[in-house]
Amino acid sequence: MREMAFTPVQPATESQPLQSQLGCDMKLRHVVESQQFTVPLLMDLFNRARGMERVVARGGTLDYQNKIMATLFYQPSTRTRFSFEAAMHRLGGRVLSTEHARAFSSEIEAEQVEDSIRIIGSYSDVIVIRHHEEGGAKRAAQVSPVPVINAGDGNGGQHPTQALLDLYTIYRERPLDGLSVAIIGELDRGRTARSLAYLLAKFERVKIFFVSPPEMQMKPDILEYLDEHGIRYEVESEIERVIGEVDVVYQTRIRPERVADIKGLKRYAIDSAVLRHMKPDAMILHPLPRTVELDKTVDDDPRAFYFRQAVNGLYVRMALLTMLLENQ
Ligand code: CP
C-alpha cells in the first residue's frame, strides 16, 4: 500500500477558500464532493480497498480500536449507514449513531447543524452526515473539529462515497480510461449520478450518455464541468439509442411521484428485453434502492453488479476511514 502524506485535520474557517477547507490534492481533510479526488488519491483509496477485502475476509482488525465514528443521518438509509457502521466495527472502532437525526437529536428543538457538529465532533474522531439540505455537509465541514464525510446532501447535491464505490466496482473489472457509460434516471436530483459524473471526468477518453425524461435531465453545472474538462457526453431521452454501445449502464431511480404517466417510466427501465441489446461484457450498476426501473429478472444476469457494488461499499468506506483517521 502506497504511503502518502495527509494534512492534519484543522477546523476550517469560512475565510479559507473551499479547496483548502476540504483538503484537496492529496491532503484529504473532509469528503464533501467528488471533485476533491485526484487520480492518485483514487488509486491510493482503491489499493487500500483491495487490502480491506482481505481484512474483512479474516474478520477485521483492531487497529482503530481507540477511534469513534458518529453517524448523523437526517434522511433514511440502508446501505450507506450500515456499511459505514460495519466499516468502523471491522476496523475495530466504535460507533455513535442517530438514524433519524431530525427526530432524535436536538435539531427538533431548532438547534442548527453547525452547533450539533461542534458538539458531536468533540465526542468523536470522524462524522458521517446525510443531510436533507443541499450544502448541509459543507456547512458541517466548515465548523467541524474532526473530518466530515458527506453521505448524501439534499435533492441534487452529492453522494461522493457512493460514487467512489461505484467507480471501484468498475475498476475491479476493467480499465477506467476509454470507458463509455450510460447514466440513466432522475438525473436533475440524482446526487449519486452527479458525483459519479465528476469522478468519471478524471479519466481519459471517457464518454457519458445521460438518459432521462427531458424534464429530469442532468443540470447545466455538471455539463459545463464536463465541457471544461474535455469530456464527451450526449444527452438522450431514449435508452435504445445508447444501450448497445456502452460498457457500463448506471441505472438510478425515478421517483414515480414525479412522473405524470407511470407507464412512461417503463421506457427507462432495464428488463430482460433491454438486456438482449446490451454488450455481452457490459456491467449494470445501480446505487439502490430500486423501484420499477430495474426489473428483478435482471438479478441473475452475469452483467448485474449492483449487489457486489453494495458489498464494495464496505471496503471503500473502510479504506476512506483509514485515510481520514491516520492523521488524527
Ligand atoms: N445507495 C444509497 O445511498 O443507499 P441508502 O439510501 O440505502 O444509503
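Note that the structure is a prediction, hence the values are computed from the model and not measured.
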Derivation and outcome, salt bridge (Lys or Arg N to Asp or Glu O under 4.0 Å), residues E114 and R139: CA-CA 7 Å; E114 284 83 356; R139 282 170 57 197; 2.8 Å; yes

Distance, nearest 0.5 Å, that separates [atom1] of [X] from [atom2] of [Y]:
{"X": "I284", "Y": "L294", "atom1": "CD1", "atom2": "CG", "result": "7.0 Å"}
{"X": "I127", "Y": "H30", "atom1": "CD1", "atom2": "NE2", "result": "9.5 Å"}
{"X": "L285", "Y": "Q309", "atom1": "CG", "atom2": "CD", "result": "4.0 Å"}
{"X": "Q158", "Y": "K138", "atom1": "CD", "atom2": "NZ", "result": "8.5 Å"}
{"X": "R308", "Y": "Y168", "atom1": "CZ", "atom2": "OH", "result": "12.0 Å"}
{"X": "D166", "Y": "N312", "atom1": "CG", "atom2": "CG", "result": "9.5 Å"}

CA sep, side-chain torsions, deciding dist, call: L164, L199, side-chain contact (heavy atoms from CB on, under 4.5 Å): CA-CA 8 Å; L164 293 171; L199 282 191; 3.8 Å; yes

For residues [X] and [Y], determine if any side-chain heavy atom of one lies less than 4.5 Å from a side-chain heavy atom of the other.
{"X": "M218", "Y": "S212", "result": "no"}
{"X": "N66", "Y": "D125", "result": "no"}
{"X": "F307", "Y": "D299", "result": "yes"}
{"X": "V181", "Y": "V246", "result": "no"}
{"X": "D227", "Y": "Y233", "result": "yes"}
{"X": "M283", "Y": "T169", "result": "yes"}
{"X": "L42", "Y": "F203", "result": "yes"}
{"X": "Y306", "Y": "Q251", "result": "no"}

Enclosure of Y171 OH (heavy-atom neighbours >12, cutoff 6.0 Å):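 Buried by this count: over 12 neighbours within 6.0 Å.
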
Greater than 12 external heavy atoms within 6.0 Å of Y123's OH: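 Open: at most 12 neighbouring heavy atoms sit under 6.0 Å from OH of Y123.
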
Polar side-chain atom of [X] near backbone of [Y] as donor-acceptor pair, under 3.5 Å:
{"X": "S180", "Y": "D247", "result": "yes"}
{"X": "N47", "Y": "M43", "result": "yes"}
{"X": "R94", "Y": "Q65", "result": "yes"}
{"X": "K202", "Y": "Q35", "result": "yes"}
{"X": "R191", "Y": "G154", "result": "yes"}
{"X": "D271", "Y": "V274", "result": "yes"}
{"X": "T322", "Y": "A319", "result": "yes"}
{"X": "S144", "Y": "A140", "result": "no"}
{"X": "Q162", "Y": "S195", "result": "no"}
{"X": "Y268", "Y": "S237", "result": "yes"}

Nearest non-hydrogen partners of [X] and [Y], listed with the distance:
{"X": "A193", "Y": "I183", "value": "CB-CG2, 3.6 Å"}
{"X": "A151", "Y": "V128", "value": "CB-CG1, 3.7 Å"}
{"X": "A137", "Y": "V32", "value": "O-CG2, 4.2 Å"}
{"X": "L288", "Y": "H286", "value": "N-ND1, 2.8 Å"}
{"X": "E186", "Y": "T252", "value": "N-OG1, 3.8 Å"}
{"X": "D177", "Y": "E204", "value": "OD1-N, 2.8 Å"}

Same cluster for [X] and [Y] if Ile/Leu/Val/Met/Phe/Trp/Tyr side chains link at under 4.5 Å?
{"X": "V211", "Y": "L275", "answer": "yes"}
{"X": "L91", "Y": "V95", "answer": "yes"}
{"X": "L320", "Y": "V55", "answer": "yes"}
{"X": "I184", "Y": "L265", "answer": "yes"}
{"X": "V56", "Y": "F82", "answer": "no"}

Worked verdict on I170 versus Y250 for side-chain contact (heavy atoms from CB on, under 4.5 Å): CA-CA 11 Å; I170 302 169; Y250 189 80; over 6 Å; no

Parallel, tilted or perpendicular, as decided by the 30° and 60° cut-offs, for the rings of Y74 and H132: tilted

Do [X] and [Y] meet the criterion of a side-chain donor-acceptor pair at a distance under 3.5 Å?
{"X": "R130", "Y": "H159", "result": "yes"}
{"X": "E33", "Y": "N150", "result": "no"}
{"X": "Q75", "Y": "S77", "result": "no"}

Option passing side-chain contact (heavy atoms from CB on, under 4.5 Å) with I129 (candidates I149, I117, T71, D153):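 So, applying the side-chain contact (heavy atoms from CB on, under 4.5 Å) to I129 and each of I149, I117, T71, D153, only I117 qualifies.
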
Sole residue of R255, R258, R194, K219 in salt bridge (charged side-chain N to carboxylate O under 4.0 Å, His left out) with D188: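 Exactly one option meets the salt bridge (charged side-chain N to carboxylate O under 4.0 Å, His left out) with D188, and it is R258.
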
Given E234, E236, E245, the one that forms salt bridge (charged side-chain N to carboxylate O under 4.0 Å, His left out) with K207: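 Of E234, E236, E245, salt bridge (charged side-chain N to carboxylate O under 4.0 Å, His left out) with K207 is met by E234 alone.
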
Intermediate values then yes/no, side-chain contact (heavy atoms from CB on, under 4.5 Å), T161 and V316: CA-CA 8 Å; T161 68; V316 170; 5.9 Å; no

side-chain contact (heavy atoms from CB on, under 4.5 Å) between R172 and E53, worked out: CA-CA 12 Å; R172 292 284 272 113; E53 295 187 26; 3.0 Å; yes

